Amino acid sequence: MKHILSLFLIILVFPDCRAQNNKMDFEKYDPVSTLVVPEHKLTRAKFPFIDVHNHQWQMGSQDLGDLVKDMDKLNMKVMINLSGGNGSGLVSMTRNVKEHYPNRFIVFANVNFTGVGKEGWTEGAVKQLEEDVKNGANGLKVFKNLGFSVNDVNGKRVTVDDPRLDPIWEKCADLKIPVLIHTADPKSFWDPLDEKNERWLELVTHPERKRGPDNPVPWEVLIEEQHRMFKKHPRTTFIAAHFGWYPNDLAKLGKLLDDMPNVNVEFGAVIAELGRQPRMARQFFEKYQDRIMFGKDSWAPEEYATYFRVLETDDEYFPYHKKYHAFWRMYGMGLPDEILKKVYYKNALRIIPNIDKSLFPN
Ligand SMILES: [Zn+2]
């Protein structure tokens, strides 16, 4: 009887022991939350909004009708396409917009950095930009290749604050168009790829994103180049993409904004940073409510729900949509309507020219 009982105990206990000793992949661990709290899942923004950070590479030839349908579902009234290119490519985009949905899209131009240092390169780039604006561009977007991979004709890295680019930024001030600029990437991409790195999963699944002190330079060097460039051109309005890569240090970002009144920010791809510090983030939004714009970056309509929920609700501990950005959960900031309106459209209407104001409430 005793033996039978211990055998029974072993059978009963063994699977448990095995489970306890079992290791599991980080990627596999995905516990279902048992927390019961009020939920406000939002598929549509409370106010019509402008997405200042979007990419539509085929805008010159695509049927914009499908895009507009998806935008309408989200309550996105205007999309800023930052991938306008320049020259004839840009013309095809602004023409398609003008012919079909003239007040739903704004196109930003891009500078072609090939040939920096060649005789007359700067003058040519400035002239091209003037022409692009005449052809309907309402801003300039600078991609992260400036700083990372743009070299001059001698093969030397062109820094973000390279004086050969100064006339371009000055021309933007003359033309009264903003410059939205993405420099560097999250600092974690430069940190050792180990168990302490918050972006470990992203770097393992996207190894090409890993950087180092000589690939091409330390993170701080790129960020300082950008800030020197901002300060050198106080007449020019800049929009630092992705909260200037300080969404995880809002006190620091606040100091930078205090220091540089010509700089604004958008939160494309960094809402997970705000959603993990709702109190600090809300204070930041209260203080800098005139300097923040709505940006998303990648066009995945279903992901906007997370943005709306972090901005608008008081919800707690809700999931984010991409584990490699955030293995943590989100909390809402519960922003008041007046701040929401500024972030959703009022600031963009003030900073980006030629957006149809009649699409938005006062
Ligand atoms: Zn982007």
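Here the structure is a predicted model, which means the values were calculated and not measured. Order of listing sets the numbers, starting from 1, for every ligand and every atom in it. Start at 1 with the first residue, then count along the sequence.
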Donor-acceptor pairs under 3.5 angstrom involving side-chain atoms of residues 245-255: please list them, not counting sequence neighbours.
| from | atom 1 | to | atom 2 | distance (Å) |
| --- | --- | --- | --- | --- |
| Trp245 | NE1 | Thr183 | O | 3.1 |
| Trp245 | NE1 | Ala184 | O | 3.3 |
| Asp249 | OD1 | Lys252 | N | 3.3 |

Name each donor-acceptor pair under 3.5 Å that joins a side chain in residues 344-362 to protein atoms two or more places apart or in another chain, with its distance.
| from | atom 1 | to | atom 2 | distance (Å) |
| --- | --- | --- | --- | --- |
| Tyr344 | OH | Glu312 | OE2 | 2.5 |
| Tyr345 | OH | Pro361 | O | 3.0 |
| Asn347 | OD1 | Arg350 | NH1 | 3.1 |
| Asn347 | ND2 | Gln289 | O | 2.7 |
| Asn347 | ND2 | Ile292 | O | 2.9 |
| Asn347 | ND2 | Lys342 | O | 3.2 |
| Arg350 | NH2 | Asp290 | O | 2.7 |
| Asn354 | ND2 | Asn138 | OD1 | 2.7 |
| Asp356 | OD1 | Ser358 | N | 2.9 |
| Asp356 | OD1 | Ser358 | OG | 2.7 |
| Asp356 | OD2 | Asn103 | ND2 | 3.0 |
| Asp356 | OD2 | Ser358 | OG | 3.3 |

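Excluding water, every protein N/O/S atom under 2.8 Å from the Zn ion (ligand 1) is given here by residue and atom: His53 NE2, His55 NE2, Asp297 OD1.
For Tyr324 and His206, the ring centers sit closer than 6.0 Å to each other.
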### Message
Run the side-chain contact (heavy atoms from CB on, under 4.5 Å) test on Phe294 and Ile50 for me, step by step, so that the C-alpha distance in whole Å, both residues' side-chain angles and the decisive distance to 0.1 Å come before the verdict.
### Response
CA-CA 7 Å; Phe294 186 105; Ile50 300 165; over 6 Å; no
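Side-chain contact between Val153 and Val116 is absent, with no heavy-atom pair separated by less than 4.5 Å.
Checked against side chain to side chain contact (heavy atoms under 4.5 Å, CB included), Lys287 has the following partners two or more places apart in sequence or in another chain: Asp258.
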